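Nothing here was measured: the structure is a model prediction, and the numbers come from that model. Numbers restart at 1 for each chain; the letters A, B, ... are given by sequence-line order, proteins then strands.
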2 protein chains.
Amino acid sequence: MAIASAALPECSDCPIRHRAVCARCEPEELDALSRIKFYKTYAAGQTIAIRGEPLETVASIVKGTATLTRSIEDGRTQLVGLLLPSDFIGRPGRSEAQYDVTAVTELTLCCFHRRPFEELLEDMPHVRERLLEMALDELDAARDWMLLLGRKTARERISSLLALIVKRSIRPDGGILGDKGRVELPITRETMANYLGLTIETVSRQLTKLRKDGIIQLEGKRTILIPDFGALLAETGDDDDGGMIF
Amino acid sequence: MAIASAALPECSDCPIRHRAVCARCEPEELDALSRIKFYKTYAAGQTIAIRGEPLETVASIVKGTATLTRSIEDGRTQLVGLLLPSDFIGRPGRSEAQYDVTAVTELTLCCFHRRPFEELLEDMPHVRERLLEMALDELDAARDWMLLLGRKTARERISSLLALIVKRSIRPDGGILGDKGRVELPITRETMANYLGLTIETVSRQLTKLRKDGIIQLEGKRTILIPDFGALLAETGDDDDGGMIF
DNA sequence: TGTCCGGGTTGATCTGTATCAATGCGATCC
DNA sequence: GGATCGCATTGATACAGATCAACCCGGACA
């Protein structure tokens with residue numbers, strides 16, 4: 001979650017730039033992977049996996065945004081991960097989904113059946129190494145989010161999310177933050193609320209307040225302008241800038 | 001966090017049963033590990049690492065309890081991990097601590113200098129495999145905790161923590177839950193509060209309420225009796241029992 | 001035996017966020 | 001153009017949990 005997408009070698013004839021799978025592969029390894037991979041696309045809102053149900057594939061996200069959620073039967077829902085291009089879905093060695101996975105935009109996945117993928121992994125220690133690095137990065141991100149959920153105010157949460165989105169340069173086209181600090185939100189207010197442990201009303205109110213305070217400008221519902229990124233960071237409640245250089 | 005400690009081969013002459021490091025090692029590998037390991041003990045309350053400062057060792061917990069925390073300068077603190085015997089501290093490939101690590105009881109660590117440990121790892125793929133499994137287990141646990149922090153009520157949080165402690169059989173002596181459902185809390189109310197994203201007053205009040213409702217009995221401050229574990233689980237807000245068999 | 005001290009409990013009150021309810025607003029479809 | 005629908009905003013009110021404050025209790029120590 002907390003990793004910037006850098007330019008990576010492509011997976012053979014594949015448009016995907018898997019951080020996990022291809023970053024350090026030799027050409028013959030990429031070919032072997034290509035032989036067992038297949039693509040799958042989902043429409044916005046479509047369910048990809050349900051907690052507890054068998055999931056015999058792993059996948060990298062090629063294009064679009066998906067969410068990982070945990071929820072309680074009474075309807076309470078918590079988003080536990082936001083999946084963006086080059087993120088990895090699925091856990092080697094486990095055949096059941098641990099989370100509900102849902103496409104929030106149109107989504108393209110590069111999939112592998114679990115078994116053959118695991119067999120290939122046997123001879124590709126660097127892929128397992130990458131998977132470990134990614135899991136540890138995800139763990140750090142999850143723990144940062146625990147601080148947010150446990151201790152931050154609504155205003156700090158919203159600011160943190162906006163800052164995160166800017167840092168990850170989340171845009172439907174996969175582009176980098178423009179010079180004017182314009183950000184396209186890839187998610188609805190409801191998704192934001194579920195990520196932040198708030199209600200949609202609180203999200204809406206806090207966005208309005210940040211606008212009135214001049215921290216952000218709203219351009220339509222889904223576009224946010226950030227005139228002064230430092231001012232936004234000052235609202236996040238974090239001590240530092242999280243290692244960003246701006 | 002979410003792993004039961006099973007009997008494991010010991011690390012040569014070492015009393016520790018590292019899940020991560022020793023579980024699948026050959027005798028000669030254990031010897032190699034033994035040659036570079038060293039023990040360190042800490043008093044309750046002592047600081048083991050501080051976020052952002054260099055940490056040139058990794059370690060397994062042999063005995064005692066430690067916490068991982070993230071905090072904000074203004075004093076707000078969130079516990080992001082509870083470390084118990086056989087848990088692993090430190091991340092291969094990273095030389096700075098990401099969290100504050102503190103001993104909450106008297107603590108014994110089995111340490112390795114990072115460099116030589118990483119070099120040994122080169123030839124022990126099964127250790128890296130174990131580290132990946134553990135990281136993914138931790139990630140699942142962290143995400144479960146996100147649901148708790150984002151969406152559960154105070155009563156549900158307390159119940160969840162008690163249930164977790166029972167499941168992990170957390171006791172100073174490392175023993176297993178007794179037949180009468182007696183649990184020793186290894187942590188203070190303040191630590192509980194920081195884990196649950198609550199205040200100590202709320203923790204105290206909810207414990208009192210659970211006692212009045214007959215879900216638990218308090219025996220002194222640190223011992224809790226659970227007459228009916230199912231009744232406690234019903235208070236956690238979780239749909240299922242998390243795969244426990246009782 | 002009294003004092004101190006750290007941790008825990010309990011009470012009164014405050015407040016940030018949830019909840020309930022109404023309204024706005026743009027897109028789509030007839 | 002009007003009806004409809006999904007999403008977002010805004011307002012009024014309720015309430016869970018925080019905050020502030022007092023008190024309790026057991027152990028250490030003089």
Side-chain angles (χ1 to χ4, degrees), chain A residues 43-46 67 72 74-78 102 104-105 148-162 184-213 216-224 235 237, chain B residues 43-46 67 72 74-78 102 104-105 148-162 184-213 216-224 235 237:
Chain A
Q46 225 179 322
T67 57
I72 308 184
D74 63 14
R76 283 178 286 175
T77 295
Q78 178 66 46
T102 314
V104 292
T105 63
L148 178 146
L149 292 171
R151 294 303 186 195
K152 287 190 182 178
T153 65
R155 185 184 176 102
E156 290 169 340
R157 294 183 199 202
I158 295 282
S159 304
S160 299
L161 178 59
L162 294 180
E184 298 285 331
L185 294 177
I187 51 178
T188 66
R189 296 285 185 273
E190 189 180 6
T191 307
M192 292 175 72
N194 285 336
Y195 206 3
L196 297 170
L198 299 170
T199 58
I200 49 173
E201 293 94 330
T202 300
V203 170
S204 183
R205 274 186 253 270
Q206 293 298 334
L207 282 172
T208 307
K209 252 186 210 163
L210 286 172
R211 179 174 55 73
K212 286 186 178 159
D213 293 347
I216 60 172
Q217 288 154 38
L218 297 171
E219 195 176 82
K221 311 264 181 206
R222 290 293 187 91
T223 307
I224 292 187
E235 297 291 337
Chain B
Q46 224 180 325
T67 57
I72 309 184
D74 63 14
R76 282 178 286 175
T77 295
Q78 178 65 47
T102 313
V104 293
T105 63
L148 178 145
L149 293 172
R151 296 301 186 197
K152 286 191 182 177
T153 65
R155 184 185 177 101
E156 288 169 342
R157 293 183 199 201
I158 295 281
S159 305
S160 299
L161 178 60
L162 294 180
E184 297 285 329
L185 294 177
I187 52 178
T188 66
R189 297 285 185 274
E190 188 180 7
T191 307
M192 293 176 71
N194 286 335
Y195 206 2
L196 298 170
L198 299 170
T199 58
I200 50 174
E201 294 94 332
T202 301
V203 169
S204 182
R205 273 186 254 271
Q206 293 299 332
L207 282 172
T208 306
K209 253 187 210 162
L210 286 172
R211 179 173 55 74
K212 287 187 178 161
D213 293 349
I216 61 172
Q217 289 153 36
L218 297 171
E219 194 175 82
K221 312 267 182 205
R222 290 292 186 90
T223 306
I224 293 188
E235 297 290 338

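- Leu198(B) has its CG atom 10 Å from the C1' atom of dA18(D), to the nearest Å.
- Looking at heavy-atom distances under 4.0 Å, Gly45(A) makes no contact with the nucleic acid at all.
- When heavy atoms are screened at a 4.0 angstrom cut-off, Gly197(B) is found touching the sugar-phosphate backbone but no base atom.
- Remark: Thr199(B) is in phosphate contact with dA18(D), judged by side-chain N or O atoms under 4.0 Å from OP1 or OP2.
- As rounded to whole Å, 9 Å separates atom P of dA8(D) from atom CG of Leu185(A).
- Glu219(A) meets the side-chain hydrogen bond (donor to acceptor under 3.5 Å, both in side chains) test with Arg182(A); sequence neighbours excluded.
- At the heavy-atom level, Thr188(B) lies under 4.0 Å from the strands shown only through sugar-phosphate atoms.
- Atom CG of Asp74(B) is separated from atom P of dT19(D) by 10 Å (rounded to the nearest Å).
- With sequence neighbours left out, the side-chain hydrogen bond (donor to acceptor under 3.5 Å, both in side chains) criterion links Thr202(A) to Thr199(A).
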Polar atoms only, N or O, under 3.5 Å: list the protein pairs with nucleotides 20-26 of chain D and their distances.
from, atom 1, to, atom 2, distance (Å)
dC20(D), N4, Glu201(B), OE2, 3.1

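- With sequence neighbours excluded, no residue satisfies side-chain hydrogen bond (donor to acceptor under 3.5 Å, both in side chains) with Thr208(A).
- Scanning for side-chain hydrogen bond (donor to acceptor under 3.5 Å, both in side chains) contacts around Arg189(A) gives an empty result, with sequence neighbours left out.
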When the side chains of residues 149-162 of chain A are checked against the rest of the protein, which donor-acceptor pairs come out under 3.5 Å, sequence neighbours left out?
from, atom 1, to, atom 2, distance (Å)
Arg151(A), NE, Thr77(B), O, 2.8
Arg151(A), NH1, Leu198(B), O, 3.2
Arg151(A), NH2, Ala193(B), O, 3.1
Arg151(A), NH2, Asn194(B), OD1, 3.0
Arg151(A), NH2, Leu198(B), O, 2.9
Lys152(A), NZ, Ser160(A), OG, 3.0
Lys152(A), NZ, Thr236(A), O, 3.1
Lys152(A), NZ, Asp238(A), OD1, 3.0
Lys152(A), NZ, Asp238(A), OD2, 3.4
Thr153(A), OG1, Glu156(A), N, 3.2
Thr153(A), OG1, Glu156(A), OE1, 3.4
Arg155(A), NE, Glu235(A), OE1, 2.7
Arg155(A), NH1, Asp213(A), OD2, 2.9
Arg155(A), NH2, Asp213(A), OD2, 2.9
Glu156(A), OE1, Thr153(A), N, 3.0
Glu156(A), OE1, Arg76(B), NH1, 2.7
Glu156(A), OE1, Arg76(B), NH2, 3.4
Glu156(A), OE2, Arg76(B), NH2, 2.8
Arg157(A), NE, Lys152(A), O, 2.9
Arg157(A), NH1, Leu196(A), O, 2.8
Arg157(A), NH2, Leu149(A), O, 3.1
Arg157(A), NH2, Lys152(A), O, 3.1
Ser159(A), OG, Arg155(A), O, 2.9
Ser160(A), OG, Glu156(A), O, 2.7
Ser160(A), OG, Thr236(A), O, 3.4

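- Under the side chain to side chain contact (heavy atoms under 4.5 Å, CB included) criterion, Thr105(A) pairs with Thr65(A), not counting sequence neighbours.
- For the pair Lys209(A) NZ and dT10(D) P, the computed distance is 12 Å after rounding to whole Å.
- Listed by chain and residue number, Glu190(A), Thr191(A), Arg222(A) satisfy the side chain to side chain contact (heavy atoms under 4.5 Å, CB included) test with Thr188(A) (two or more places apart in sequence, or in another chain).
- Atom CG of Leu207(A) and atom C1' of dC7(D) are 14 Å apart (whole Å).
- Judged purely by atom type and a 3.5 angstrom limit, Gln78(A) uses its side chain to pair as donor or acceptor with the backbone of Tyr195(A).
- Checking the phosphate oxygens (OP1, OP2) of dG17(D), no side-chain nitrogen or oxygen of Thr202(B) falls inside 4.0 Å.
- Between the CG atom of Leu218(A) and the P atom of dC7(D) there is a distance of 18 Å, rounded to whole Å.
- Residue Arg222(A) is classed as a sugar-phosphate contact, given heavy-atom separations below 4.0 Å to backbone atoms only.
- Each of Arg151(A) and Ile200(A) was matched to the nucleotide of DNA chain D holding its nearest heavy atom; the match closer to the 5' end belongs to Ile200(A).
- Of all nucleotides in DNA chain C, those with any atom nearer than 4.0 Å to a heavy atom of chain B start and finish, going 5' to 3', at dG8(C) to dA12(C).
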Report task. Start with the C-alpha distance between Ile224(A) and Leu218(A), add both sets of side-chain angles, then the distance that settles side chain to side chain contact (heavy atoms under 4.5 Å, CB included), and finish with yes or no. Result -> CA-CA 5 Å; Ile224(A) 292 187; Leu218(A) 297 171; 3.7 Å; yes
